[in-house]
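Reading through the structure tokens given below for one structure.
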Amino acid sequence: MNKIAFLLLLFTIFNPSKENNKQQYIARQGQVTFFSYTSVENIEAKNNQVLSIIDLEKKEIAVSMLMRAFVFKKDLMYEHFNESYIESDLYPQANFKGKLVDFDVNLAKQTSTIKGTLTIHGIAKEVAIKTMIENKNNNYKLTGEFIAAVKDFNIKIPAILSSNIAKTINLKFRFQYQPYEN
Amino acid sequence: MKTKHFFKILSLFLIISVNVNGQDLLKQLQKELPNTYHKTIGTFKSTRIGLGHSVETRKKGALQLSLYNRYWNKPTATSQRFLADEVTTRYGLDYAFTDKFTAGIGYTNFDKITDGFLKYNLFQQTKGIKKMPISITLVQTFSHISLINANNDNFYDSNASEKYGFASQLLIARKINRLFSLQIAPTLVYRTETSVASNDPGTHFALVFAGRHKIGKHTSIVSEYGYVANPIKSVDTFNTFMAGINWEIGDIMAQFHVTNARNYAEDVFLTQTANNFNFKDPNLHFGVNVTYILHTKKNKVK
């Protein structure tokens, strides 16, 4: 009885988790860029350290990034972004968790819709994002872009600066995944 | 008995392993986040608190154009001017040579003082795996006055034609929380001009206390108090006080305050402020500092 129990124990600890990981892929240096275009000023920022995991078995995806890692053209914009708009001391991360809705594992290149919850500035919002998924030698690449409204995430722009910052922000992303080993 | 015990442990492990497998991807990502540290930003919004320097320096390539104004009324009954009888304006230019080193010059029209400063950010407060509880910035200012009797009283030997003053400051600041920051600045003031007859000290030790509290995303209230340990003996001088509001509008920083200090050069206002802080004319000065930040060097985003 003891031996069986012991074997069972070993099995439960080691086996299922390993099997699970085989279908997981990670991107450690994902890129997210955002643009705000107005006639007065163009604001552009890039984050090169975005983390993402996809689980092809469950068809799930998660993205996590540190807001402080965004690089701006002007240093003052970085300070204002973190201090006055995104409040990165209160909300250090932006996260996304979603499902690959119409994803087919067998295709090398496809456009799939990702539906999920995007959390920025502590506000969660349901979004659907069209994404190009490419598979080359078991390395996946996800690219796409979408538009987010500033006011959806409770980010207030003072009236005096409303002509400098766009009401909708254009976001572009690009993730390159490798098999995930724990 | 033993078997029962073992099954307890087994079921515990089962629960744990199920948890690991069922763990969501976001939690898994949190473990992958790099273990780093980051520099505390925005201890103060501007490189000046109101009167004196703050621990902040601008990033490399930033050019700051500043216009500081202070208005006050004369106590005489003949005062008939609109808003204010007198105004003193400092025209300033600062340039950040590196992220840590800034130099600046300025000229004030009322007291005809030309001043300059060198500023170096020695330590920056950090959070994360590398912890630094405070920020430290060194400031060296120098001023030259070409006017006799800058404050309309007898600080100066009327024969002296060259009057230099220097102030060395050690700015120590801490952003205590996201809203509140404090700064303390031990300061050494050295003046070349001392009246022989008055037996005034040429070297003064001062302590400048400053704080800010954010009241909105773009506004904060600030205050500053300068204590001088060994003031000038020949004339009554007062410690300086300032209370005001800082408001940032994009590339422009506007600072509004009330103070008893009339001069802008550190060595002058710390040791030679002839007015006490109160609301009587001519003691109350209303100050407006406007600073425009121009980025001459831009980061590559692509």
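On a predicted model such as this, the values are computed, not experimentally measured, just so you know. A, B, ... follow the sequence lines: proteins, then strands. Residue 1 opens every chain.
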Practice task
Run the numbers on L66(A) and H38(B) for side-chain contact (heavy atoms from CB on, under 4.5 Å), then give the verdict.
Solution key: CA-CA 11 Å; L66(A) 288 174; H38(B) 64 269; over 6 Å; no
Taking atom [atom1] as the centre, does [X] end up with more than 12 heavy-atom neighbours from other residues, nucleotides or ligands that are less than 6.0 angstrom away?
X       : atom1 : answer
K59(A)  : NZ    : yes
E134(A) : CD    : yes
F180(B) : CZ    : yes
K73(A)  : NZ    : no
K297(B) : NZ    : yes

Practice task
Tell me, for S88(A) versus chain B, whether the close heavy atoms (under 4.5 Å) come from the side chain, the backbone, both or neither.
Solution key: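 The answer is neither part of S88(A).
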Practice task
Using heavy atoms and a sub-4.5 Å threshold, report which of residues 163-173 of chain A line up against chain B, by residue number.
Solution key: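 So far as heavy atoms go, nothing in residues 163-173 of chain A approaches chain B to under 4.5 Å.
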Handout entry: Residues K45(B) and E83(A) bridged, charged N to O under 4.0 Å
Key =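 Salt bridge between K45(B) and E83(A), a charged N being under 4.0 Å from a carboxylate O: yes.
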Exercise for the section: Salt-bridge test for K74(A) and D251(B): reply yes if a basic N is under 4.0 Å from a carboxylate O, no otherwise. Expected result: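 Between D251(B) and K74(A) there is a salt bridge, with a charged N closer than 4.0 Å to a carboxylate O.
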To the nearest 0.5 Å, how far apart are [atom1] in [X] and [atom2] in [Y]?
X      : Y      : atom1 : atom2 : value
I53(A) : K31(B) : CD1   : NZ    : 9.0 Å
L26(B) : L51(A) : CG    : CG    : 10.5 Å
L29(B) : I61(A) : CG    : CD1   : 9.5 Å

Practice task
Taking the side chain as every heavy atom from C-beta outward, state whether K97(A) and D24(B) have any atom pair closer than 4.5 Å.
Solution key: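 Touching, per the 4.5 Å side-chain cut-off.
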Handout entry: Q93(A) and Q30(B), any side-chain heavy atoms less than 4.5 Å apart
Key = yes
Exercise for the section: Would you please indicate if the ring centroids of F72(A) and H295(B) are separated by under 6.0 Å? Expected result: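 Distance test on ring centres: not under 6.0 Å, no.
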Problem - Shortest non-hydrogen separation from H80(A) to G250(B) and the atoms involved - result: CE1-O, 2.8 Å
Select, from [options], the one with the greatest count of heavy-atom pairs under 4.5 Å involving chain B.
options                         : value
N48(A), I26(A), D75(A)          : D75(A)
D89(A), V71(A), I160(A)         : D89(A)
E87(A), M65(A), Q49(A), K156(A) : E87(A)

Exercise for the section: State, without any angle test, whether S64(A) and E32(B) hold a side-chain donor-acceptor pair at a distance under 3.5 Å. Expected result: no
Handout entry: Pick from D99(B), I41(B), I293(B) with the largest number of heavy-atom pairs that fall under 4.5 Å of chain A
Key = I41(B)
Practice task
Considering only heavy atoms and a distance below 4.5 Å, find which of K59(B), R178(B), K217(B) pairs most often with chain A.
Solution key: R178(B)
Practice task
Counting only heavy atoms closer than 4.5 Å, note whether K175(B) contacts chain A via side chain, backbone, both or neither.
Solution key: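 Just the side chain, heavy atoms under 4.5 Å.
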Practice task
Evaluate side-chain contact (heavy atoms from CB on, under 4.5 Å) for E79(A) paired with R58(B), printing each intermediate quantity in order.
Solution key: CA-CA 11 Å; E79(A) 192 178 315; R58(B) 292 274 168 235; 3.9 Å; yes
